[in-house]
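Single-structure report; data block below.
The residues of the chain are indexed from 1 along the displayed sequence.
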Amino acid sequence: MARRAAGGATPHGDDFSFVSPVVKYVLFFFNMLFWMISMVMVAVGVYARLLKHAEAAMACLAVDPAILLIVVGVLMFLITFCGCIGSLRENICLLQTFSVCLTVVFLLQLAAGVLGFVFSDKARGKVSEIINGAIVHYRDDLDLQNLIDFGQKEFSCCGGVSYKDWSQNMYFNCTVDNPSRERCSVPFSCCLQASDEAVINTMCGRGMQAMNYLEASEFIYTNGCIDKLVNWIHSNLFLLGGIALGLAIPQLVGILLSQILVNQIKDQIKLQLYNQQHRADPWY
């Protein structure tokens, strides 16, 4: 029997690798970037929580922007950790975990968008609950207060359905037995402001809930923020679609690169096993 040629014993030499350095390090730096972003998000969220009074922090836990920042940051940290270490160490288990988690996140985002569109009435009710909860805890959390003030000024609105929703807050409650100096008032962010107004009058919303819509409309925004938000969404569907696409593309790229790298690593393992099995072959 003729001896096999040295180059014919194996499909590739010992120095050959199926793992592409381009795919490997693009995926590594891709995850490293988002890993660093996630650590900054967690640090900012934790710092914001530590600055708040403990009782106030617990009272508005469900509507605290800092908690949302921490949760998203921790999830991003764990997912990108798997992708970062998995690509660097060529670990199939970590890469598969990264790919599965990223796929689940993408599908949840897609499902939330579809369900929000199909069940728009229920989504509107949920948004209303969140806004009402934020109104109740307006004075309990400075971050939440700034967020509400920004939203009301940006959308030129006041309250959830109307400006009288602010009666749900204990400080702005319009009942006779409320001892607060802000009784029947609304936040200053509800007020109509002149463009040349240099100093903001923080008491401009005093007593506005006691007025009817026509009287109050001369001083404050009387329309609720829910309708304004819905109208803004309908007017900016292309912008929102672009943002959604911008969020989806990195996720899809990450899933694609991880699967390519996993297949390359599996091919490399098969090659190594093939070489080990045939090294003992006397005709190798």
Side-chain angles (χ1 to χ4, degrees), residues 19-113 116 130 133-134 137 140-151 154 239-265:
V19 178
S20 169
V22 175
V23 175
K24 175 180 177 178
Y25 288 106
V26 166
L27 185 61
F28 170 74
F29 287 112
F30 173 84
N31 281 282
M32 177 63 73
L33 174 62
F34 286 96
W35 194 17
M36 294 173 64
I37 292 173
S38 69
M39 287 190 286
V40 172
M41 291 173 63
V42 172
V44 171
V46 170
Y47 178 73
R49 291 294 297 176
L50 292 176
L51 289 179
K52 298 175 184 177
H53 191 274
E55 293 181 2
M58 291 303 295
C60 54
L61 192 65
V63 291
D64 189 358
I67 288 294
L68 180 63
L69 201 63
I70 294 173
V71 171
V72 173
V74 169
L75 289 176
M76 187 187 297
F77 178 87
L78 294 175
I79 293 173
T80 53
F81 174 83
C82 292
C84 194
I85 304 302
S87 58
L88 187 64
R89 303 295 298 173
E90 298 180 11
N91 188 299
I92 292 178
C93 181
L94 288 177
L95 286 171
Q96 290 285 33
T97 302
F98 167 76
S99 180
V100 170
C101 289
L102 215 55
T103 302
V104 170
V105 170
F106 174 76
L107 292 177
L108 287 175
Q109 291 174 347
L110 185 63
I130 294 173
H137 298 291
D140 300 334
D141 186 347
L142 184 58
D143 290 337
L144 181 63
Q145 181 175 321
N146 291 333
L147 182 63
I148 293 173
D149 287 335
F150 172 79
E154 188 70 19
L239 174 62
L240 295 174
I243 294 174
L245 185 62
L247 293 174
I249 287 177
Q251 296 174 10
L252 294 175
V253 169
I255 294 169
L256 178 63
L257 289 178
S258 63
Q259 288 303 310
I260 291 174
L261 187 57
V262 166
N263 290 332
Q264 290 178 346
I265 294 171

Only pairs under 3.5 Å count here: list side-chain donor-acceptor contacts from residues 80-90, not counting sequence neighbours, and write none if there are none.
residue: Thr80; atom: OG1; partner: Met76; partner atom: O; Å: 2.6
residue: Thr80; atom: OG1; partner: Phe77; partner atom: O; Å: 3.3
residue: Ser87; atom: OG; partner: Gly83; partner atom: O; Å: 2.8
residue: Ser87; atom: OG; partner: Cys84; partner atom: O; Å: 3.0
residue: Glu90; atom: OE2; partner: Lys24; partner atom: NZ; Å: 3.0

For [range], which residue pairs pass the salt bridge (Lys or Arg N to Asp or Glu O under 4.0 Å) check, not counting sequence neighbours?
range	value
residues 68-81	none
residues 27-47	none
residues 27-45	none

Name every donor-acceptor pair, under 3.5 Å, that has one atom in a side chain of residues 239-250 and the other anywhere in the protein, sequence neighbours excluded.
none

Calculate, to the nearest 0.5 Å, the distance between atoms [atom1] and [atom2] belonging to [X] and [Y] respectively.
X	Y	atom1	atom2	answer
Ile148	His137	CD1	NE2	10.0 Å
Ser38	Asn31	OG	CG	10.0 Å
Phe28	Leu33	CZ	CG	11.5 Å

message: Under a 3.5 Å distance rule, please check whether Gln264 uses its side chain to pair with a backbone N or O of Ser20 as donor and acceptor.
response: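 Present.
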Under the side chain to side chain donor-acceptor pair (under 3.5 Å) test, residues paired with Asn146 that sit two or more places apart: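 Testing Asn146 for side chain to side chain donor-acceptor pair (under 3.5 Å), a comparison that skips the adjacent residues, returns none.
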message: Any heavy-atom pair between the side chains of Val72 and Leu68 that's under 4.5 Å?
response: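 Of all side-chain heavy-atom pairs linking Val72 with Leu68, at least one is under 4.5 Å.
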query: Can you check whether Leu261 reaches Leu257 side chain to side chain, under 4.5 Å on heavy atoms?
result: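 No. Closest side-chain heavy atoms not under 4.5 Å.
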Pairs of donor and acceptor atoms involving the side chains of residues 95-113, under 3.5 Å and at least two apart or interchain, shall be tabulated with distances.
residue: Gln96; atom: OE1; partner: Gln259; partner atom: NE2; Å: 3.3
residue: Thr97; atom: OG1; partner: Cys93; partner atom: O; Å: 2.9
residue: Ser99; atom: OG; partner: Gln259; partner atom: NE2; Å: 2.8
residue: Thr103; atom: OG1; partner: Ser99; partner atom: O; Å: 2.7
residue: Gln109; atom: OE1; partner: Gln251; partner atom: NE2; Å: 3.1

